[in-house]
Amino acid sequence: MVFVLDKNKKPLYPCHPAKARKLLKQGRAVIHKKYPFTIRLRDTVSDEEDEQEYRLKIDYGSKTTGLAILQRNKVIWLAELHHKINIKDNLDARRGFRRRRRNANLRYRKPRFNNRRRKEGWLPPSLRSRVDNIRNWVNKLKQLIPLTHISYENVKFDIQLMRNPEISGVEYQQGQLQGYEVREYLLEKYDRKCVYCGKKNIPLEIEHIIPKSRGGTNRIDNLTISCHDCNQKKGNLTAEEFGYPNIQKQAKQTLKDAAAVNSTRWAVYNVLLQSELDVECGTGARTKMQRINLGLPKEHYYDAICVGESTPEKLYFKTNEVLEIKAIGRGSHCRTKTDAYGFPRLYMPRQKYFFGFMTGDMIKAIVTKGKKQGVYYGTVACRSTGSFNIKTSNGIMQGISYKYCKVVQRLDGYNYHIKKVV
Ligand SMILES: [Zn+2]
């Protein structure tokens, strides 16, 4: 589906690509944005309110966040947002370089007064960046499609509901959701490994510490996780008899509430509340259950579809594309590039624009003559000489003159790539 804006850039109902092509061909619309593909009508001004429900679903992850837009049971847009991952390493390296310079060039200096107070709501830069990425995309999408709802997974499992099964709804009593919640809880509590042999990354089973045959209950403090082999070997023994008395003790302790929620998820949730859309929350366990029920593979964008209670039981895919979005930033403030030891290697120019282009812009270059004849499409690295490098999907093309280049999309802090799915 293609996003559509009216003459005044008000978001309208998204249309089929064929209709968008027709409108563009007739000259009734212009391309507003290449990624995500959006057209703007030249003649229409819409004043009616769209009554439809458009739901943005977010599956937050530390490296990759899945995004999906659903209109009732139609999936109209999918994306994968890759966060920056090297922020902490870069800051640590910079701190090391500065420390060296101070020690090398200065006499002893008394420590300064401790005046570095962190503001309330401070998050480490690497987490801040992810939260900002999501805030950014919610705002971007609000401008392209009339979003009304958001679904977001803010906890891994529902600790409240697990403790008091009485307050739960029908679904809990049916047991399937509870099974998933219990499993996620146990995986978190026992660090996703077999409690007996400590093996990781293998299928784990829910295991009764005091076996059912000897009066053990299904209560959460009688359950743990183990691999199939250990489960079989343990058989009719209690954990203590099997040689693990500490497991029985550990099971009695309840997991702290904090384990289900982490600070970033919470910060993202607060950002979503600021968007003034209707925010629905779900648990990770529910997402997993719904994804398996719908028979979807484990991908971030499919997980996003399955977040929250509102997920329909049958889906209609109106798209077979996933937009891969990579957070790359807008270049560095620092004008000196250093080598691996923190010594100056080269100096960057003061200005960012050269011949109307900036490093990171997506461009199309049609080279009409010479050895490099051809069409190149990718991100540009600008040089003050006017001889640019273009990073295409087949590698870097060096020495393309700015005269052949045309901007497709300006750098907005993200890199885009379209992936087809079946
Ligand atoms: Zn085991």
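Just follow the structure's listing: the first ligand is 1, and inside any ligand the first atom is 1.
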Within 45° of the six-membered ring axis of Phe343 and under 6.0 Å from that ring's centre, is NZ or CZ of Arg100 located there?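 The answer is yes; both the distance and angle limits are met.
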Determine whether the aromatic ring centres of Phe357 and Phe388 lie less than 6.0 Å apart.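 That pair passes the under 6.0 Å test.
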For the Zn ion (ligand 1), report each protein N, O or S atom nearer than 2.8 Å, sorted by chain and then by residue number.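 Atoms qualifying: Cys194 SG, Cys197 SG, Cys227 SG, Cys230 SG.
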Contact list for residues 228-247, test side chain to side chain donor-acceptor pair (under 3.5 Å), sequence neighbours left out: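 Passing the test, one end in residues 228-247: Glu205-His228, Glu205-Asn231, Glu207-Lys234, Ser213-Asn236, Arg214-Glu241.
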Pair Tyr60-Tyr152, ring pair (Phe, Tyr, Trp, His ring centres under 6.0 Å): steps then yes or no: CA-CA 8 Å; Tyr60 168 76; Tyr152 176 63; 7.1 Å; no
Could you check whether Glu80 and Thr64, counting side-chain N and O atoms only, form a donor-acceptor pair closer than 3.5 Å?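 The criterion, which ignores hydrogens and geometry beyond distance, is not satisfied for Glu80 and Thr64.
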Pairing donors with acceptors under 3.5 angstrom, does anything connect the side chains of Thr338 and Arg345?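 Arg345 and Thr338 do not have a side-chain donor-acceptor pair below 3.5 Å.
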